[in-house]
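Structure first, then comments.
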Amino acid sequence: MGSTIKPGLWRRGVLLLGVLALAGCVGGSDEGSRYVVDGIRVKATVNKSEAYDIEINGGDCELTVAANNTVKRLLITGLSNKVMVEAGTQIEVIDFTGGGNTVYVPKGFKTRVVNTGSDNKVVER
């Protein structure tokens, strides 16, 4: 014969699984020469003294790259992310593979852009 699960236990189990799923994929992490943003609606500022890579895998995230940083590669694989680049920062290459992403840069900013995604843009402000 079949067994039944009490409704309260079922709800707690579903809630626990949801919390565990979110806990594993939300936030930014500093991995030495690479800064990774994973998750939904993550807001972060990165400021490192050495040259590094940035990888954004999330969606609807906002990342600020502090002034006078050196970024070797800004890889954006997620959707609808915004990156604000402060004055004095250098980025060797912006690599878009996701969609609907915007990188805001200071006027006159020069970098190489690779765009294999869709609806991505670099905007001078």
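The chain is numbered in sequence order, starting from 1.
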Which atoms form the tightest heavy-atom contact between Arg73 and Asp95, and what is the distance?
NH2-OD2, 2.7 Å
Out of Thr116, Val122, Asp119, which residue meets the side-chain contact (heavy atoms from CB on, under 4.5 Å) rule with Phe96?
Val122
Rounded to the nearest 0.5 Å, what's the gap from CZ on Arg125 to OG1 on Thr102? Could you check?
12.0 Å
Leu63 reachable from Tyr52 in the ILVMFWY side-chain graph, under 4.5 Å edges
yes
pair Asn57-Val37: side-chain heavy atoms closer than 4.5 Å:
no
Those residues that, when tested against Lys121, pass salt bridge (Lys or Arg N to Asp or Glu O under 4.0 Å) (two or more places apart)
none
According to a 4.5 Å side-chain heavy-atom criterion applied to Ile, Leu, Val, Met, Phe, Trp and Tyr, with indirect links allowed, do Val36 and Leu75 form part of one hydrophobic cluster?
no
With rounding to the nearest 0.5 Å, note down the distance linking OH in Tyr35 to CG in Asp53.
14.0 Å
Could you give the distance from CE (Met84) to CD (Glu62), rounded to the nearest 0.5 Å?
5.0 Å
Could you grab the distance from atom OH of Tyr104 to atom OG1 of Thr64, nearest 0.5 Å is fine?
12.0 Å
Backbone N or O of Ala67 within a donor-acceptor pair of the Glu86 side chain at under 3.5 Å?
yes
side-chain hydrogen bond (donor to acceptor under 3.5 Å, both in side chains) with Asn101: which residues, sequence neighbours excluded?
Asn81, Asn120
Nearest-0.5 Å distance, CD1 of residue Ile76 to CD of residue Glu55
11.0 Å
Does some side-chain heavy atom of Val93 sit less than 4.5 Å from a side-chain heavy atom of Val114?
yes
Look up atom NZ in Lys72 and atom CZ in Arg34, then write down how far apart they are to the nearest 0.5 Å.
11.5 Å
What do the steps show when you test Val103 against Val85 for side-chain contact (heavy atoms from CB on, under 4.5 Å), and what is the final call?
CA-CA 7 Å; Val103 177; Val85 178; 3.9 Å; yes
Smallest separation among heavy atoms of Gly39 and Cys61, with atom names
O-SG, 3.5 Å
Mind checking salt bridge (Lys or Arg N to Asp or Glu O under 4.0 Å) for Glu50 and listing every partner two or more places apart, or none if nothing turns up?
Lys48
Closest contact, heavy atoms only, Val71 versus Leu74
CG1-N, 4.1 Å
Determine whether Val42 and Ile40 make a side-chain contact, defined as any pair of heavy atoms from C-beta on separated by less than 4.5 Å.
no
Do we see a donor-acceptor contact under 3.5 Å between the side chains of Ser80 and Asp60?
no
